[in-house]
Q: 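Before anything else, here's the structure in question.
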Amino acid sequence: MKQRILFVCLGNICRSPMAEEVFRQKVFAKGLAEQFEIDSAGTYSGHAGELADPRMREAAHCRGYCLTHRSRPFRVSDFDDFDRIVVMDDSNYERVCRLAPVRAHINKVYRMRDYFTTYRTAYDYVPDPYYEGREGFYLVINMLEEACEELLNECCEEIGDRK
Ligand code: 4NP
């Protein structure tokens, strides 16, 4: 059975499509592509259908990633369609949880900060780079690379437990 992971931010044009791609690359590097289904979504639908923000795509490109995801809104059916919903900040957490039809679904919602290691001391969320300069986008990539490594380790432990 595949592990289905959904990354969520506000617009689904900066942080969560980047998280999706960072996680996907790590999964590929470990030869686990068949074991995962990976997607991203936003709690705000204003950018639906758009590619990631050009500044995010440029930073991604400079770090060896190619973002092709098109923004889509988070939907209530995502609670059934995914095993883990990983949000970038507390505001995303509140918005997603408010949409949960049953309490059990809230147990599927995780914060990306749960997987921080070195960034844990300075940050308890992935900062929104939308209104920031270029360096904000590189910070997001650095944080996501660290957190996705931990997230994948945790997922691998689960896969191992299930075998
Ligand atoms: P994201 O960044 O949530 O990381 O995709 C944002 C994208 C768009 C907006 C805010 C944040 N916006 O206000 O349109």
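Note that ligands are numbered from 1 as they come in the structure, with each ligand's atoms numbered from 1 the same way. The structure displayed is predicted, hence computed values, not measured ones.
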Q: Run the numbers for me: atoms of ligand 1, each under 4.0 Å from some heavy atom of Ile13, listed by number.
A: 5 (O), 7 (C), 8 (C)

Q: Look only at interatomic distance and state if Asp128 has a nitrogen or oxygen under 3.5 Å from any nitrogen or oxygen of ligand 1.
A: yes

Q: Does Glu149 pair with Lys26 as a salt bridge, N-O distance under 4.0 Å?
A: yes

Q: If you measure from each non-hydrogen atom of Asp53 to ligand 1, which part falls under 4.0 Å: side chain, backbone, both or neither?
A: neither

Q: Can you tell whether the side chains of Asp81 and Arg4 come within less than 4.0 Å, N to carboxylate O?
A: no

Q: Nearest to atom 12 (N) of ligand 1, what protein heavy atom do you find, and at what distance?
A: Tyr130 CE2, 3.6 Å

Q: For ligand 1, which atoms, with element, lie under 4.0 Å from some heavy atom of Gly11?
A: 1 (P), 3 (O), 5 (O), 7 (C)

Q: Considering non-hydrogen atoms of the protein only, which is the closest contact for atom 10 (C) of ligand 1, and what is the distance?
A: Leu10 CD2, 3.6 Å

Q: Considering heavy atoms of the protein only, find what lies nearest to atom 14 (O) of ligand 1 and give residue, atom and distance to 0.1 Å.
A: His47 NE2, 2.8 Å

Q: Please determine if Pro129 has a nitrogen or oxygen closer than 3.5 Å to a nitrogen or oxygen of ligand 1.
A: no

Q: Does Arg113 qualify as a cation-pi partner of Tyr125, given the criterion of NZ or CZ under 6.0 Å from the six-membered ring centre and within 45 degrees of its axis?
A: no

Q: Looking only at distances, please establish whether an N/O atom of ligand 1 is found under 3.5 Å from an N/O atom of Cys14.
A: yes

Q: Are Glu58 and Arg55 ion-paired here, with the side-chain N under 4.0 Å from a carboxylate O?
A: no

Q: Touching ligand 1 at all, Met56? Heavy atoms, strictly under 4.0 Å?
A: no

Q: Looking only at distance, does Tyr44 have an N or O less than 3.5 Å from an N or O of ligand 1?
A: no

Q: So with a 6.0 Å cut-off around CZ of Arg120, is the heavy-atom count from everything else above 12?
A: yes

Q: Which atoms of ligand 1 are found less than 4.0 Å from any heavy atom of Tyr131?
A: 13 (O)

Q: Looking only at protein heavy atoms, which one is nearest to atom 1 (P) of ligand 1, and how far off is it?
A: Cys9 SG, 3.5 Å

Q: Does the ring-ring contact (aromatic ring centres under 6.0 Å, His included) test come out yes or no for Phe74 and Phe79, once each step is laid out?
A: CA-CA 9 Å; Phe74 179 82; Phe79 285 113; 5.3 Å; yes

Q: Of the backbone atoms (N, CA, C, O) and the side-chain heavy atoms from C-beta on, which set of Met88 has a member under 4.0 Å from an atom of ligand 1: side chain, backbone, both, or neither?
A: neither

Q: Answer yes or no: is there a side-chain heavy-atom contact under 4.5 Å between Leu152 and Phe36?
A: yes

Q: Does Glu20 pair with Arg24 as a salt bridge, N-O distance under 4.0 Å?
A: yes

Q: Show the numbers, then the answer: is there a side-chain contact (heavy atoms from CB on, under 4.5 Å) between Ile38 and Phe7?
A: CA-CA 8 Å; Ile38 307 161; Phe7 297 98; 3.8 Å; yes

